[in-house]
Amino acid sequence: MDQQALLLARVAKGDKQALAALYNALERPVYRFILSRLNDPFESADVLHDVFIDVWRSAGAFEGRSKVQTWIFGIAYRKVIDLHRKRGRLQVTDDIPEQTDDGPDAEACLIAGQEAAHVRYCLDTLKDNQRIAITLAFYEDMTYGEIAEVQGVPEGTVKTRVFHAKKLLLRCLSSRVSRTVPA
């Protein structure tokens, strides 16, 4: 049994210190995931809080058929979907607030920023379910099976979503290269 599973088992018995340890271990990646779906840091913090309240309340219901992290990401995913349904918003943006970089090479930072903006633009062209699959696979390093569990779909569906999303991203990203190369 891994460390997170041991912590969750202790949470199920009412151990608040175990919940704090689990929260400390997963707060950042779960918050980052929620923020990428909502694009609102305050709302994301509220949802993160709700996720861990659900973890506290339902830790005893965890059956161990997945990793604890996958189970918690699934809770976060459903909370975000419920929030969007409640508000009637189906479109989610992946805009990330601009941050200044104090690195020594300003030109390299500018180019990297432009490339990152283009990657965000290309991610925005994807369907929401494809963007979520790509985000979980490449930014959260989840397996297809874990993503399938988070999204509540078969693993083959996730593979198809990622396959098509990668093709669309490649096409979108390569269009920038062809526009920037002098003829």
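Any value given below was found using the heavy atoms of this structure, including those in side chains, with hydrogens, waters and symmetry copies removed.
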Novice: Going through the distances and angles, do Ser36 and Tyr139 end up as a side chain to side chain contact (heavy atoms under 4.5 Å, CB included)?
Specialist: CA-CA 11 Å; Ser36 75; Tyr139 292 108; over 6 Å; no

Novice: Minimum heavy-atom separation for Ala76 and Val51, please, with both atom names.
Specialist: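 Answer, listing the atom of Ala76 first, then Val51: CA-CG2, 3.6 Å.
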
Novice: Under the side chain to side chain contact (heavy atoms under 4.5 Å, CB included) rule, what do Gln3 and Val68 come out as? Steps first, then yes or no, please.
Specialist: CA-CA 9 Å; Gln3 182 66 26; Val68 170; over 6 Å; no

Novice: Going by an N to O cut-off under 4.0 Å, is there a salt bridge joining Asp82 and Lys79?
Specialist: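 The answer is no: the pair does not qualify as a salt bridge.
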
Novice: Apply side chain to side chain contact (heavy atoms under 4.5 Å, CB included) to Asn129 and list each qualifying residue two or more places apart in sequence or on a separate chain.
Specialist: Lys127, Gln151, Arg161

Novice: Between Arg37 and Ile81, does the side chain to side chain contact (heavy atoms under 4.5 Å, CB included) criterion hold? Intermediate values first, please.
Specialist: CA-CA 9 Å; Arg37 309 281 37 98; Ile81 294 298; over 6 Å; no

Novice: Are Glu140 and Arg32 within salt-bridge range, i.e. N to O under 4.0 Å?
Specialist: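 Arg32 and Glu140: salt-bridged.
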
Novice: What is the minimum heavy-atom distance between Ala18 and Val11, and which atoms define it?
Specialist: C-CG2, 3.7 Å

Novice: Passes side chain to side chain donor-acceptor pair (under 3.5 Å), Glu149 versus Thr70? Steps please.
Specialist: CA-CA 7 Å; Glu149 187 165 327; Thr70 305; 5.9 Å; no

Novice: Between Ala165 and Gln130, which heavy-atom pair has the shortest distance, and what is it?
Specialist: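 In this case the closest contact between Ala165 and Gln130 is CB-CB, 3.9 Å.
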
Novice: Contact between Val55 and Phe62 at the side-chain level, heavy atoms closer than 4.5 Å - yes or no?
Specialist: no

Novice: Around atom CG of Asp141, are there more than 12 heavy atoms from other residues, nucleotides or ligands closer than 6.0 Å?
Specialist: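 Counting neighbours around CG of Asp141, 12 or fewer heavy atoms of other residues, nucleotides or ligands fall under 6.0 Å, so no.
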
Novice: Would you call Asp50 and Ile75 a side-chain contact if the rule is heavy atoms closer than 4.5 Å?
Specialist: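 SC-SC contact between Asp50 and Ile75 ruled out.
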
Novice: Hey, could you give me each pair passing ring-ring contact (aromatic ring centres under 6.0 Å, His included) that has a residue in residues 11-40? Not counting sequence neighbours.
Specialist: Tyr23-Phe52, Phe33-Phe73

Novice: Taking the side chain from Ser58 and the backbone from Ala61, do they hold a donor-acceptor pair closer than 3.5 Å?
Specialist: no

Novice: Shared ILVMFWY cluster between Leu168 and Phe138, side chains joined below 4.5 angstrom?
Specialist: yes

Novice: Got a donor-acceptor contact below 3.5 angstrom from the Arg131 side chain to the Leu123 backbone?
Specialist: yes

Novice: Would you kindly confirm whether Leu173 and Leu126 end up in one hydrophobic cluster when ILVMFWY residues are joined by side chain heavy atoms under 4.5 Å apart?
Specialist: yes

Novice: Provide the closest heavy-atom pair for Val150 versus Arg78 in the form atom of the first, atom of the second, distance.
Specialist: O-NH1, 4.1 Å

Novice: Under 3.5 Å, side chain of Glu146 to main-chain N/O of Thr143, donor-acceptor pair present?
Specialist: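 Yes.
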
Novice: How far apart are the C-alpha atoms of Arg10 and Leu7, what are their side-chain angles, what is the distance that settles it, and do they pass the side chain to side chain contact (heavy atoms under 4.5 Å, CB included) test?
Specialist: CA-CA 5 Å; Arg10 287 177 39 205; Leu7 287 172; 3.8 Å; yes

Novice: According to salt bridge (Lys or Arg N to Asp or Glu O under 4.0 Å), who are the partners of Arg28, at least two apart in sequence or on a separate chain?
Specialist: none

